[in-house]
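Order of the sequence lines fixes the chain letters, A, B, ..., with proteins taken first and strands second; residue numbering starts at 1 for each chain.
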There are 2 protein chains.
Amino acid sequence: MFKKILIAEDFQDTNKGIVNALENRLQIEEIQEELYCDKAYNRFKLAFNEGEPYELLITDLSFKEGPAARKLTSGQALIKAVRDIDPNIKVIVNSMIDNPVEINPLFTDLKINAYVCKGRNGLNELVTAIQEAYQNRTYVSPQINLNSANTIFELDKYDRMILQDLAEGLTKKEISEKLKRQNISPNSESTIDKKVSRLFDAFGAKNIQHLIAKLIKEGRI
Amino acid sequence: MFKKILIAEDFQDTNKGIVNALENRLQIEEIQEELYCDKAYNRFKLAFNEGEPYELLITDLSFKEGPAARKLTSGQALIKAVRDIDPNIKVIVNSMIDNPVEINPLFTDLKINAYVCKGRNGLNELVTAIQEAYQNRTYVSPQINLNSANTIFELDKYDRMILQDLAEGLTKKEISEKLKRQNISPNSESTIDKKVSRLFDAFGAKNIQHLIAKLIKEGRI
DNA sequence: TAATCCCTTACGGATTTCCGTAAGGGATTA
DNA sequence: TAATCCCTTACGGAAATCCGTAAGGGATTA
C-alpha cells in the first residue's frame with residue numbers, strides 16, 4: 001500500500017476527516033496535509049529532491065484565497081505543477097463537483113487516477129479509490145456518469161466567448177465590432193444572431209437572459 | 001460543557017473531521033452524526049420525547065439529494081422543524097457560504113447561535129463557537145463581516161420575484177399578465193419596466209442579461 | 001392647507017432582439 | 001462533375017427592450 005501521501009484541502013474539518021480515515025482504515029504511515037496549494041507544491045518538490053517522494057497526491061479543486069499571495073490558485077494548477085516535477089505521480093481528486101463535463105477533462109487532460117465526489121459515502125469511496133489507484137486502476141465515484149459528458153451539448157470556445165460577452169451586457173452589434181477589431185472570424189452580427197438562436201434551441205431557452213441564467217446555474221459560464 | 005450534540009452534515013469526510021475534533025478536543029460524551037436532514041430531525045424528535053434531548057444542533061446548509069424522498073431539503077428547513085419541537089435549542093451553522101447577505105437571515109430569522117464558515121481554520125472556529133454557544137454568546141467566523149450585509153443593496157421579495165421570472169425567460173409583458181392573474185400589485189408593464197431600470201442603476205448593469213448574470217453569480221437569485 | 005415627494009401607470013421613440021427567408025461559397029457526397 | 005449540406009452573411013418585420021417625459025394620486029412635510 002502507499003506509504004507516503006500528500007493531501008491538499010483547504011477545509012480543516014474535511015482535512016481531518018480524511019487524515020483520520022487514512023490512518024485508521026488504511027494504516028498509512030506518513031500523511032502530510034496542506035491547506036494551501038503553494039505549500040503542498042513546496043512539500044512535494046522538497047521530498048522529491050530529497051529522494052523520498054510522495055507516492056500519491058489527494059487534492060481538492062477549489063481553494064479559497066488566503067492572506068498570502070498565491071502562485072497556484074486551484075487543484076488543477078497544483079496537479080500540473082506537481083506533474084512537471086514527477087510526470088508519473090498518482091493523483092486523486094476529491095471534490096464536490098458532480099458535473100461530468102467538468103470532471104472529464106481531469107482524466108483526459110490532467111491524467112488523474114481517480115475522482116471522488118464528496119458525499120455521504122465519500123470517505124468509503126476515497127478509501128476504495130486509494131486502493132484502486134495503488135493497483136493502477138482508474139476509479140470514479142459510482143454516482144458520476146462520465147459517459148453522459150459526451151452526450152451533453154458542449155459549448156465550444158467561440159460560443160462560450162460570445163455568451164460571456166452577452167452576460168457582460170454587450171449587444172450582438174457590439175460583440176461583432178469587437179470581434180472585427182480583434183480579427184476573430186466569423187464576426188458578422190448575423191452570425192452571432194444565428195449562433196445564439198441555435199443555442200436557444202440546444203438549451204431550451206426562450207431569450208438571452210434565460211439562456212445566460214441557465215448556463216451560469218449549470219456552471220458552464 | 002454540552003454533553004449531547006447532534007450533527008447534520010452530508011459529506012462523510014467533513015462529518016468525521018467534526019466528530020474527531022469534538023471527541024478529542026472537547027471530550028463531548030455523546031455525538032450523533034446524521035447524513036440526512038430527515039434522519040437528523042427524527043433523531044432529535046425521538047430524544048426530545050424520551051426526555052433526553054440534544055443540547056446543540058450543528059448543521060450544514062446545503063444537502064445533496066439522495067435516493068430517498070426528502071421532506072427537509074436544507075439546513076434551514078431542518079432548523080425550523082427542530083425549533084418547532086424545542087424553541088430554545090441551540091444551533092450552530094457550519095457551511096461554506098461566505099456571503100453576509102445570506103448569513104444575516106440565519107441570525108435574524110432562524111435565531112442561530114453561531115455561524116462557522118468552512119475554511120482552513122474551520123475546526124478551530126467550530127470548537128470556539130461551541131464554547132461560546134455554551135456560554136450563551138453569539139459567534140461568527142472572524143472573516144465574515146455581517147455589518148456589510150446592511151450596506152449592500154438588498155433585493156426585496158417583489159424585485160426578486162420579477163428577476164426570477166426574467167431569468168426564466170418571461171417578458172415584462174408576460175410578467176405583468178401573470179401578476180394581474182395572481183392579483184399581485186403593482187402589476188403594470190410600466191412599473192416592471194421602471195423597477196428593472198432602477199435595478200440596472202443600483203447594480204451597474206447595462207441590460208437584463210447583464211443584471212441577471214451579476215445577480216446569479218452573487219448568489220442573490 | 002398647500003407643496004413636495006415618490007410610486008404607479010401610460011406613452012412614444014430609438015435600439016435591440018427574435019426569427020424567418022435568401023444568397024454565396026466551401027466542403028462533402030453520390 | 002453535379003448535387004447537397006452547412007456555415008456565414010444580409011435583410012426585413014414584429015416584438016421586446018431601454019429610456020425619457022408626463023400625469024394621477026397617496027403619503028409626508030413645511
Rounded distance (Å) that lies between atom [atom2] of [N] and atom [atom1] of [X]:
| X | N | atom1 | atom2 | result |
| --- | --- | --- | --- | --- |
| B:I162 | C:dC7 | CD1 | P | 15 Å |
| A:L170 | C:dT17 | CG | P | 10 Å |
| A:D165 | C:dT17 | CG | C1' | 17 Å |
| A:I175 | C:dT16 | CD1 | C1' | 12 Å |
| B:K194 | D:dC18 | NZ | C1' | 9 Å |
| A:N207 | D:dT17 | CG | P | 7 Å |
| B:F200 | D:dG20 | CZ | C1' | 15 Å |
| A:K173 | D:dC11 | NZ | C1' | 15 Å |

In Å, rounded to the nearest 0.5 Å, how long is the span from [atom1] of [X] to [atom2] of [Y]?
| X | Y | atom1 | atom2 | value |
| --- | --- | --- | --- | --- |
| A:K16 | B:D13 | NZ | CG | 14.0 Å |
| A:L166 | A:I175 | CG | CD1 | 4.0 Å |
| B:I79 | B:S74 | CD1 | OG | 8.0 Å |
| B:R120 | A:N15 | CZ | CG | 10.5 Å |

Selection: residues 185-192 of chain A, any non-hydrogen atom under 4.0 Å of DNA chain D
A:P186, A:N187, A:S188, A:S190, A:T191
Looking only at side-chain N and O atoms, does B:K195 come under 4.0 Å of OP1 or OP2 in C:dC7?
no
On the nucleotide D:dC18, are OP1 or OP2 found under 4.0 Å from the side-chain N or O atoms that B:K172 carries?
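Indeed, a polar side-chain atom of B:K172 lies that close.
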Whether A:Y54 and A:F44 hold their rings parallel, tilted or perpendicular, with breakpoints at 30° and 60°:
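Geometry flag for A:F44 against A:Y54: parallel rings.
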Report, as yes or no, whether the 6.0 Å neighbourhood of atom NZ on A:K64 holds more than 12 heavy atoms from other residues, nucleotides or ligands.
yes
Can you establish whether the number of heavy atoms outside B:K206 located under 6.0 Å from its atom NZ is more than 12?
yes
Using both pair distances under 3.5 Å as the test, note the stems of at least 3 consecutive Watson-Crick or G-U pairs that include DNA chain D.
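Stems for DNA chain D, defined as runs of 3 or more consecutive pairs: C:1-30 with D:1-30.
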Any carboxylate oxygen within less than 4.0 angstrom of a Lys/Arg side-chain nitrogen, looking at A:D159 and A:R198?
no
A:N136/A:K90 under side-chain hydrogen bond (donor to acceptor under 3.5 Å, both in side chains): CA gap, chis, key distance, verdict
CA-CA 9 Å; A:N136 291 323; A:K90 285 182 174 174; 2.4 Å; yes
